Every structure is written in C-alpha cells, then in structure tokens.
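Below, all heavy atoms of this structure are taken into account, side chains as well, without hydrogens, waters or symmetry copies. Note that the coordinates shown come from a computational prediction; the quantities given were computed from them, not determined experimentally.
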Amino acid sequence: MEVNFGLCFCLLVLLVPFTCAGRATISTTTGNGGNSGGSIQKLEVKKHLKNLNRPPVKSIKSPDGDIIDCVHVSHQPAFDHPELKDHKIQMRPNFHPERKTFGESKVSSNSNSNSKPITQLWQKNGMCSEGTIPIRRTRTNDILRASSVQNFGKKKQKSTPQPKPAKPLPDILTQSGHQHAIAYVEGGDFYGAKATINVWDPKIQQPNEFSLSQIWILAGAFGQDLNSIEAGWQVSPDLYGDNNTRLFTYWTSDAYQATGCYNLLCSGFIQINNGIALGASISPLSNYGSSQYDISILVWKDPKEGNWWMQFGNDHVLGYWPAPLFSYLTESASMIEWGGEVVNSESDGQHTSTQMGSGHFPDEGFGKASYFKNIQVVDGDNKLRAPKDLGTYTEKDNCYNVKTGNAGDWGTYFYYGGPGRNPNCP
C-alpha cells in the first residue's frame with residue numbers, strides 16, 4: 001500500500017515545520033499525564049519524534065506494521081550533526097575492495113545459500129524513488145520503551161567484547177550483562193571487514209534483552225574513547241516493539257557514552273540507497289533442519305575521502321559514516337570482531353534463555369547451528385583477504401560457544417551461538 005502525498009507535501013511541511021542543522025548538496029562525482037513531569041516527558045517525546053520523522057515524499061505500509069517513509073536524501077537526520085554542516089553527499093565510493101571501479105548500479109538482488117533473494121518485508125508494498133531514502137518511522141511507543149528520551153536508540157555502555165582481558169572475567173563484561181561468542185583479529189591496521197551471516201529468529205526471554213549477530217570495526221581503548229562501527233541483524237523487542245529479525249547498524253566514538261546510535265536514530269550515518277531500510281525486517285529466515293538464508297555485509301574505508309562505507313548484499317551500497325564522526329577510526333581499525341551478542345538480565349536469578357544465533361551450539365553444524373562464512377578483512381592495499389591468527393572468545397561457553405574452520409567455498413568460517421540457559425548453564 002502506497003500513500004502518495006503529491007501536492008499535499010507542501011501543506012505537510014507547513015503543518016509540521018522541518019529544520020535541518022546543516023545544508024546538504026549532492027555530488028555525483030564521487031509517564032504520568034496528570035503531573036508536570038508527565039507533561040514535560042510528552043513534550044520531549046513529541047519534539048524527538050518531530051526531529052526523527054522527516055516529511056516524506058510518500059509512505060509505504062509494511063506487512064509487519066512498519067511505516068517506511070521515503071525521505072529526500074538531503075533531509076535525513078545525518079545533517080543535524082555539528083560536524084556535517086554544509087556536508088557534500090558522496091553518492092558513491094571512490095574505491096571498492098572487490099573491484100577497481102565502482103559501477104552505477106546501487107541496488108540489485110542479494111543471493112544466499114539457496115540462491116533465493118533475501119528481501120525486506122516493506123518492499124512487498126512498494127519502493128522509494130531515486131533521490132529519496134527509506135526510513136523506518138519512529139512512533140511514540142518506541143521512545144516510551146526506552147529508559148529516557150536521551151537513551152532511545154542507544155546501546156548501553158560496555159557492550160563490546162574485549163578478548164584476552166588483563167584480568168579474568170573483567171568488570172567491563174560481567175557488570176553489563178552482555179555475553180558474546182565471537183571470532184576476532186587484532187594487532188594490525190585494518191581498513192574494513194566482510195562476512196556472510198546466517199539469518200535466524202532467536203527467541204528472546206525478556207523484552208529488555210536482545211540477540212544480535214554482527215561485525216565490529218574497532219579502534220581505540222576499551223575504556224572511554226572506543227570507536228566502533230557495527231552492522232548485522234538483531235532481534236530487539238525494546239527497540240522495535242516486536243521479535244522480528246532486522247538489519248541494523250551502530251556507531252560510537254566514545255565507548256557508547258554519548259555519541260552514536262542504531263540505524264538513523266541520530267545524526268551521523270549518511271544513507272544514499274533507496275532500496276534498503278535500516279531497522280526493517282529481513283525475509284525469509286532460516287529454519288532448523290531446512291532452508292538456510294544469509295546476508296552479506298561489507299564495511300570498508302574509502303582511502304581518498306576517509307569515510308567508512310557499508311554494502312549489503314552484492315550491490316546494495318547503503319551509505320557511509322563520515323570521517324569527522326571518529327577519532328581513532330580516522331586512521332584505521334586495530335581490531336575486527338565477528339559473532340553474536342545477547343543480554344543476560346538474569347531476571348529470575350537464573351541465566352537467560354535468550355538464544356544466540358539459531359539457539360543451537362556450533363557442534364550441530366549446517367542447517368542447525370548459525371554461521372559466519374567467508375570472513376575477511378580489508379588490508380592497507382584496499383583488498384579483501386582472509387584474517388590471520390584468528391582468535392575466539394566467549395564468557396560462558398556452556399551457554400554460547402564458537403567453533404572456527406576453513407573449507408573451500410566457505411573460506412574462513414565459524415559456527416556460533418547456543419540456547420542460553422540449559423543444564424550446563426543454570
């Protein structure tokens with residue numbers, strides 16, 4: 001179902017004033033309602049919704065209930081960032097790790113293990129036109145589920161795994177309640193990473209917990225100044241209000257303290273692609289002992305402009321994180337991580353039963369355990385290569401685990417995940 005605004009668009013702009021902190025040009029060359037506290041909260045929520053939901057050219061109703069707004073590319077939230085005033089949008093990367101020149105096409109179908117396309121549910125009811133980008137509309141209840149308006153769309157601090165800790169089970173991990181099963185490389189200069197990621201719908205025990213599978217691009221210390229670029233799929237009832245599996249991105253330049261957010265829920269990431277919506281549901285999903293589906297994600301640094309680009313599938317170049325957002329990542333990454341993460345809230349005094357990946361341990365193998373395959377890093381020559389000296393890390397391998405391998409068309413791969421609470425993980 002498409003809602004065309006047509007001539008009413010001008011009226012909409014008048015009725016819902018829209019301002020943008022920066023000007024953007026396009027380059028084709030490269031609580032309680034009865035008290036004052038409740039009233040203040042309502043005003044804050046209303047103001048935040050107005051800032052996030054930009055006036056659309058048209059809107060598309062997704063089968064899962066989402067509203068996807070097609071917003072002019074120059075009106076997206078990115079340009080509210082103080083570092084991006086008068087930013088000239090780069091409509092394509094100058095360099096690409098997989099080919100010398102980058103073609104005109106930015107949108108085409110993605111393939112997976114069964115040669116069937118991975119899509120997003122909203123695409124069944126329409127597409128956004130060239131010059132616009134699809135943005136998942138934020139609703140009042142989305143913000144009210146967050147601990148505060150300021151924390152909406154943000155990760156809690158200390159959610160990045162820190163392998164080889166100086167002390168056993170460091171506070172950075174155990175206090176946050178986040179648990180991981182990852183493979184990683186460190187100790188070099190990395191300019192991006194790629195992986196093909198098996199897609200599932202893990203079960204979540206508590207609404208405040210989540211399960212995700214992603215790539216981390218990391219630089220800086222694991223204290224107060226960590227720079228991180230992240231992309232993958234997640235199930236997060238708190239963030240989205242349901243248990244759908246969704247494509248997501250995240251970034252931070254200060255260890256999740258004040259900067260960054262998921263998707264387009266703050267200024268920063270600049271999207272150029274009109275065919276893929278960040279935060280939208282992925283379809284189809286893998287089934288235990290049956291059909292398997294995966295998505296391919298590539299993140300790399302453009303050596304000319306210094307921006308960090310993201311590609312989904314074979315040709316969906318989604319957009320980029322501009323270099324001024326970061327400190328350490330203006331040079332290179334010092335660690336790459338691939339794998340899963342869950343929140344273990346231990347709400348009933350026991351380990352959560354929130355699943356990671358497929359909810360099954362790596363030993364079960366293809367069709368049953370979730371996998372990352374063809375994991376690669378981008379080197380200083382802007383070329384993809386297999387990672388050297390790949391390490392693995394888990395906090396509690398009886399709850400979630402990881403097992404690496406190397407074989408043929410799969411290249412460097414690993415199975416990961418688990419059920420959480422079980423007889424060996426009480």
Requested in this report: Check the angle between the aromatic planes of Y250 and Y262 and answer parallel, tilted or perpendicular using the 30° and 60° thresholds.
Outcome: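 Y250 and Y262: perpendicular rings.
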
Query raised in the report: Any idea how F414 and F372 line up, ring-wise: parallel (<30°), tilted (30 to 60°), or perpendicular (>60°)?
Result: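 The rings of F414 and F372 lie parallel, inter-plane angle below 30°.
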
Nearest 0.5 Å please: distance from the [atom1] atom of [X] over to the [atom2] atom of [Y].
X    : Y    : atom1 : atom2 : answer
L285 : T245 : CG    : OG1   : 4.5 Å
I295 : I197 : CD1   : CD1   : 5.0 Å
Y400 : F361 : OH    : CZ    : 9.0 Å
K42  : L144 : NZ    : CG    : 10.0 Å
L247 : L318 : CG    : CG    : 6.5 Å
T392 : D397 : OG1   : CG    : 9.5 Å

Using the ring centroid of each side chain, check whether [X] and [Y] are separated by less than 6.0 Å.
X    : Y    : answer
Y413 : Y371 : no
Y415 : H360 : no
W308 : Y320 : no
H178 : F210 : yes

Would you say the side-chain atoms of [X] pair up with the backbone N or O of [Y], donor to acceptor, closer than 3.5 Å?
X    : Y    : result
K46  : T140 : no
Q271 : G319 : no
K301 : E331 : yes
N53  : T138 : yes

Query - Verdict with supporting geometry, F269 and L278, side-chain contact (heavy atoms from CB on, under 4.5 Å) - result: CA-CA 11 Å; F269 183 81; L278 293 174; 3.8 Å; yes

Query raised in the report: For H48, what residues pass the ring-ring contact (aromatic ring centres under 6.0 Å, His included) criterion, not counting sequence neighbours?
Result: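 Partners of H48 by the ring-ring contact (aromatic ring centres under 6.0 Å, His included) criterion come out as none, since no residue qualifies.
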
Modelled atom types, side-chain donor and acceptor of [X] and [Y], under 3.5 Å:
X    : Y    : result
Q257 : Q224 : yes
T354 : S211 : no
E337 : H180 : no
S327 : N227 : yes
D254 : T252 : yes
S334 : Y328 : no
Q206 : S345 : no
E395 : Q179 : no
Q90  : D302 : yes

Report task. Please step through side-chain contact (heavy atoms from CB on, under 4.5 Å) for the pair I229 and F326, ending with a clear verdict. Result -> CA-CA 10 Å; I229 289 173; F326 302 105; 3.5 Å; yes

Query raised in the report: In this structure, are over 12 heavy atoms from other groups packed under 6.0 Å from D409 atom CG?
Result: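 No, the 6.0 Å shell around CG holds no more than 12 heavy atoms from other groups.
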
Query - Verdict with reasoning, R136 to W122, per side-chain contact (heavy atoms from CB on, under 4.5 Å) - result: CA-CA 10 Å; R136 180 181 182 269; W122 70 274; over 6 Å; no

Taking the side chain as C-beta and beyond, is there a heavy-atom pair between [X] and [Y] under 4.5 Å?
X    : Y    : value
D66  : Q120 : no
D348 : Q205 : yes
N374 : T412 : no
V343 : T352 : no

Report task. Under the salt bridge (Lys or Arg N to Asp or Glu O under 4.0 Å) rule, what do R385 and D381 come out as? Steps first, then yes or no, please. Result -> CA-CA 10 Å; R385 62 170 174 81; D381 294 323; over 6 Å; no

**Report entry** Worked verdict on Y184 versus L218 for side-chain contact (heavy atoms from CB on, under 4.5 Å)
**Finding:** CA-CA 11 Å; Y184 68 94; L218 302 167; over 6 Å; no

Report task. Determine, for R54 against D69, whether the closest basic-nitrogen to carboxylate-oxygen distance falls under 4.0 angstrom. Result ->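 No.
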
